[in-house]
Amino acid sequence: MPPLPKRKRTKAAKGANNAHNAIKRAAIVDCPHCRRPMMAHRVCPACGHYRGRDVLEIETANT
């Protein structure tokens, strides 16, 4: 038989354990290359730059 808890876990103990499980807002920053909003620590969807390098080839509409 597997080991079982000796005592019931109180509501306060459960709440204290789950206090850090809240969903946090996404960190939105300005791209240092094109100054458009983007998520932090990700490639900019507008210009394709990340940490000073071209990572994605972004097609531009030539009209």
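Throughout, residue positions are numbered sequentially from 1 according to the sequence presented.
Rounded to the nearest 0.5 Å, atoms SG (Cys47) and CG (Asp54) are 7.5 Å apart. Remark: Arg36 CZ to Cys31 SG distance equals 9.5 Å, nearest 0.5 Å.
Among residue pairs with one or both ends in residues 3-25, none qualify as ring-ring contact (aromatic ring centres under 6.0 Å, His included); sequence neighbours excluded. Listed by first and then second residue, the ring-ring contact (aromatic ring centres under 6.0 Å, His included) pairs that reach into residues 26-47 are His33-His49, sequence neighbours excluded.
With sequence neighbours excluded, the residues satisfying side chain to side chain contact (heavy atoms under 4.5 Å, CB included) with Arg42 are Met39. Partners of Ala40 according to the side chain to side chain contact (heavy atoms under 4.5 Å, CB included) rule, which considers only residues two or more places apart in sequence or in another chain, are Ala27, Val29. Evaluation of the side chain to side chain contact (heavy atoms under 4.5 Å, CB included) rule for Arg9 yields Ala13, Lys14, Asn17 as partners, not counting sequence neighbours.
Apart from Met1 itself, the hydrophobic cluster it occupies contains Leu4, where clustering links Ile, Leu, Val, Met, Phe, Trp and Tyr at side-chain heavy-atom distances under 4.5 Å.
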